[in-house]
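Throughout, a chain's letter reflects where its sequence line sits, starting with A, and its residues are numbered from 1. Because the structure is predicted, anything quoted here is derived from the model rather than measured. When reading the values below, keep in mind they use all heavy atoms of this one structure, side chains included, and skip hydrogens, waters and symmetry mates.
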Amino acid sequence: MNNTETILSMTKHAGYVWPSYGIAALVLVGLVVLSLRALKRTRAELERIEAQMPRDKDEA
Amino acid sequence: MAVFSGHNIDCVRGERQVLSGATFSLESGAALVLRGANGSGKSTLLRLMAGLMRPVAGAITWDGEDIADDPHEHNRRIAYIGHADAVKPALSVTENVSFWSELSGAGGMRATEALTALGIGHLADLPARYLSAGQRRRVTLTRMLTSGAPLWLLDEPTTALDQDTSDALRGLIDRHLASGGMAVISTHTDLGLASSGLLTLGAAS
Amino acid sequence: MLHYFANPTRFQRLSRRIEPWLLVAMILCFAFGLYFALFSSPVDYQQGHTVRIMYIHVPAAWMALFCYTAMAVAAAVAMIWKHALADVAAKATAPIGAVFTFLALVTGSLWGKPMWGTWWVWDARLTSVLVLFFLYLGYMALRDAFDEPGRGARASAILVLVGFVNVPIIKFSVDWWNTLHQPSSVLRMDGPTIHPDMLTPLFLMAAAFQLYYFWLVLVRIRRELMANRTRALRHRQAAA
Amino acid sequence: MNAVSVLFRREMRLAMRQSADSVMVIAFFVIAVVLFPFGVGPEPNMLARIGPGVIWVAALLAAMLSMDRMFMGDYEDGSLELLVLSPVALEFVVLVKVLAHWLTTGLPLIVTAPLLFVMMNVPTEIWPVLLMTLLLGTPVLSLLGSVGAALVLGARRGGVLLSLLVLPLLIPVLIFAVGSGDAVLYGTGAKANLMLLGGVLLGSLALTPWAAAQALREAVA
């Protein structure tokens, strides 16, 4: 295939290719982090409330 | 002899259970008075009866037919008076009243008769923006008279009415019942109707 | 079948069993996809290394459309069969779709600069993707604008369906508007016919994005279901 | 049918008694267009080039201003519930409202447009085509606007939200309309554009009343 040093520097286009991958990584990982954080927060809140209302298994 | 009834009605409003297992039945010539604290579901039950909302469980029936099966037919049967007055300030009193009566197209009282019956005949030509709250309420109440509908659904009809008008209202409801109509009325004050059942709604568990 | 999985508890159980597999598959696809995309694919004789942007840009654009379609289907199911899980799925999909649309736009712009010498052209595809982005924003804004969540859900379902009917019309009109004003010979995003060595990274990245969507949408749905349950309990506390 | 005409007469009567609303829409339309020569310079050829587009965009924004009021008054004072409960099918209620909205905003916009053609130096040979596009396009604004207006009832920041929802959907109308003028100037004839615009109008006439009625039922439930 191609020689590796030119690929890593990508000659004059590196300034466009790397930001593309960087931004993609940033937003995709960012959305995952936000979603997981929200999941954790909601789960914690739910568990707190369920602890307050102990006998409440009927509706799940 | 028509029968209007509901069986085991559950209703959830904005994720809150407002009604659970509400049951009622009334026949021609009978009235049903809804009592209960604020938030006990009186207005919700009336809106369900009108067909504005659907119950989550249970059914409301007219002569055994679910009202949701033919909403258009049900619309013809009811006169619904909600919390809001639906009075347009830019129109005159007569224009307000006759719009709703012509829209429903049914043969109840004429607009002028209805206004006289509620004691505001003299205001007929006044633009509605000059009316007081009680007068606006009376303009709204004309709708039940002009519609000719057999079933009146009245949500707190006496709000903003003075004692004389409340008495007149009771007389009108009694006359409606005597001629074979039905009425469901939610109220805080005792109207003292001649023949009425009582449904007390508690806070849903 | 639908109603079998409508039960939140059953869904949560099933979902938690599937998620790890999706996660592993996704990471594998990303690993191989990125390797091929960045190191082991040929340089295009016209586009040079910028062709590597395509491996993100094109799958992101596909996902933008896929997510909107998924949202419309979910909204229709939620409306017709009053299916609560479908509604939650639509809600969970929207931000993911918006992110892919955003990516398609940004990478398109980063591709356009070296290729066309400008960050933005009113190319038919860019323009219609931009409109799609607005549709996502509108959906999320409407969904969010009501105090009662159920009302927002039903209103936004109608909006998605109206938008879905309109998207082909928008796409068509934009294509047509663009060709009227400027010839499309220079501004072709797809470039010359694609080299088979470029297909491998393209499809790997597309698979990775697709798996990313399925994994994340399951996580988000689980979160929404928990939030629903929390709200239900809160209401019960208020009523007690 | 009688009930529909009763409703229509009421809508028109209300609009006439609050005619200041229509006047404001027209005033906005004129002012928005008049700003452009200040923004881009008074060079006649430039104005002629951008004129049709500017006028159409301004018409779009002006129509947006009036849209959120299509159902708002009835929603707030309880009339909407009664309209839902009336014997008239809600889809017809929507159509009557749309017709009244178009007569009180769309039509005045069309009547005002020639004045702006003059001010923007729009070539006279495309006047008839542009008026035709306004005639076909402004009803679409009212129709799609009715869906948006019904959806945002009871929402926070309804007016701004409405623009975000409806404007992207209206892009085809803008494209076909402005394209008609260009097509005449390029000598290709505007028939195709006008047909497309007519198609969009028919399509929205068929679909939007249903969607708006559905949204209204949700709003009062």
Side-chain angles (χ1 to χ4, degrees), chain B residues 11-14 43-44 46-56 67-68 70-92 94-106 127-129 136-137 139-140 143-144 147-149 151 153 155, chain D residues 1-24 69-97 100 104 150 153-156 210 213-221:
Chain B
C11 183
V12 176
R13 195 147 194 217
S43 296
T44 306
L46 279 165
R47 295 170 69 83
L48 287 166
M49 289 174 174
L52 283 170
M53 301 166 68
R54 298 273 155 82
V56 178
I67 60 165
D70 191 351
H72 281 285
E73 188 54 38
H74 190 63
N75 288 349
R76 261 183 266 279
R77 290 192 285 251
I78 57 163
Y80 170 77
I81 311 280
H83 280 290
D85 286 328
V87 172
K88 291 282 173 203
L91 301 181
S92 78
T94 313
E95 282 168 339
N96 267 296
V97 175
S98 43
F99 165 64
W100 293 111
S101 76
E102 284 170 30
L103 188 68
S104 61
R129 72 166 55 87
R136 269 209 309 275
R137 195 69 184 150
V139 170
T140 301
R143 280 192 285 111
M144 66 191 191
S147 73
L151 175 59
L153 302 170
D155 197 355
Chain D
M1 218 51 232
N2 179 43
V4 169
S5 81
V6 168
L7 182 62
F8 176 70
R9 284 207 305 274
R10 175 234 198 197
E11 290 298 322
M12 290 315 287
R13 194 175 283 158
L14 280 172
M16 289 302 147
R17 302 225 175 131
Q18 293 154 358
S19 53
D21 293 355
S22 288
V23 175
M24 296 257 272
R69 282 199 321 273
M70 207 185 288
F71 303 110
M72 193 55 94
D74 285 335
Y75 176 74
E76 281 171 350
D77 71 8
S79 303
L80 191 60
E81 292 179 352
L82 301 176
L83 289 173
V84 171
L85 292 178
S86 81
V88 186
L90 202 50
E91 285 77 5
F92 284 108
V93 174
V94 171
L95 277 175
V96 169
K97 290 253 179 198
T104 53
L153 287 176
R156 279 172 265 124
W210 173 83
Q214 195 61 34
L216 288 178
R217 283 191 198 97
E218 299 292 354
V220 298

- Task: Quick one: pull up OG in D:Ser79 and CH2 in B:Trp100 and give me the separation to the nearest 0.5 Å.
- Result: 4.5 Å

- Non-hydrogen atoms of chain B under 4.5 Å away: do they reach the side chain of D:Leu80, the backbone, both or neither? neither

- Task: Please examine the side chains of B:Arg143 and D:Leu82, heavy atoms only from C-beta on, and report whether any two atoms are closer than 4.5 Å.
- Result: yes

- Indicate yes or no for a side-chain donor-acceptor contact from D:Arg10 to the backbone of B:Leu91 under 3.5 Å, with no hydrogens or angles considered. no

- Task: Any chance you could measure B:His72, atom NE2, to D:Leu90, atom CG, to the nearest 0.5 Å?
- Result: 8.5 Å

- Greatest number of non-hydrogen atom pairs under 4.5 angstrom with chain B, of D:Val88, D:Leu14, D:Asp77, falls to D:Asp77

- Go through the atoms of B:Ile78 and report whether side chain, backbone, both or neither lie under 4.5 Å from a heavy atom of chain D. side chain

- Query: Can you find a heavy atom in the side chain of D:Arg17 that is under 4.5 Å from one in the side chain of B:Lys88?
  - Reply: no

- Side chain from CB out, backbone as N, CA, C, O: work out which of these in D:Glu81 comes under 4.5 Å of a heavy atom of chain B, or both, or neither. both

- To the nearest 0.5 Å, tell me how far D:Arg217 CZ sits from B:Met53 CE. 15.5 Å

- Message: I'd like to verify something: which residue of B:Ala90, B:Ala86, B:Ala84 has the highest number of heavy-atom pairs under 4.5 Å with chain D?
- Response: B:Ala86

- Task: Work out which heavy atom in B:Leu103 is nearest to a heavy atom in D:Leu83; give both atom names and the distance.
- Result: CD2-CD2, 3.9 Å

